[in-house]
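The analysis underlying the following values was restricted to heavy atoms, covering all of them including side chains, and did not include hydrogens, waters or symmetry mates. By convention here, the first residue in the shown sequence is residue 1.
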Amino acid sequence: MTERMTVLLQDEGMLILPPELRTRLGLKAGDLLDVSELNGAIVLSPRRARDRTPVDPVVDDPQFQSKLKSIQDMLENL
């Protein structure tokens, strides 16, 4: 079973992960985390070295993600 931890949501949505979790997962400042929602739960997943493709400012921007639901939507908004 995974250990349950509580963190405080700070200004502008910032979270501070507990140091023991960062150490156990090998996370450091500047590492990328993927964020998703699964059945009402927030899921954070570290991007490992092989997954560290640059973030696309258009495709990865939540403002655009909520509006663009298909490739056709993306093409029409270029």
Side-chain angles (χ1 to χ4, degrees):
M1 179 187 272
T2 59
E3 178 183 356
R4 188 176 192 139
M5 300 177 185
T6 302
V7 296
L8 176 67
L9 186 63
Q10 298 185 12
D11 292 340
E12 298 185 28
M14 184 170 53
L15 294 174
I16 297 176
L17 299 176
E20 60 272 14
L21 180 61
R22 295 191 315 260
T23 299
R24 189 167 58 235
L25 296 175
L27 298 173
K28 61 187 181 320
D31 284 350
L32 295 174
L33 299 175
D34 290 322
V35 181
S36 57
E37 182 268 335
L38 178 64
N39 299 325
I42 298 168
V43 179
L44 298 173
S45 303
R47 276 198 188 176
R48 298 298 175 197
R50 68 182 188 285
D51 301 329
R52 291 192 181 180
T53 54
V55 174
D56 184 311
V58 173
V59 175
D60 292 331
D61 186 333
Q63 168 188 334
F64 291 103
Q65 286 180 351
S66 64
K67 293 179 182 175
L68 306 177
K69 301 297 182 191
S70 69
I71 296 293
Q72 187 62 37
D73 288 340
M74 294 174 74
L75 293 173
E76 289 172 2
N77 283 281
L78 286 177

Please report the shortest heavy-atom distance between Pro18 and Val7, naming the atom on each side.
CD-CG1, 3.8 Å
Among the clusters formed by ILVMFWY side chains lying less than 4.5 Å apart, do Leu33 and Leu15 turn up in the same one?
no
OG of Ser45 to CG of Leu32: how many Å apart, nearest 0.5 Å?
12.5 Å
State, with a plain yes or no, whether a side-chain heavy atom of [X] is found less than 4.5 Å away from one of [Y].
X     : Y     : answer
Ile42 : Val35 : yes
Ile16 : Arg22 : yes
Leu27 : Leu21 : no

If you count the non-hydrogen atoms of other residues, nucleotides and ligands that lie under 6.0 Å from CG in Leu9, is the total more than 12?
yes
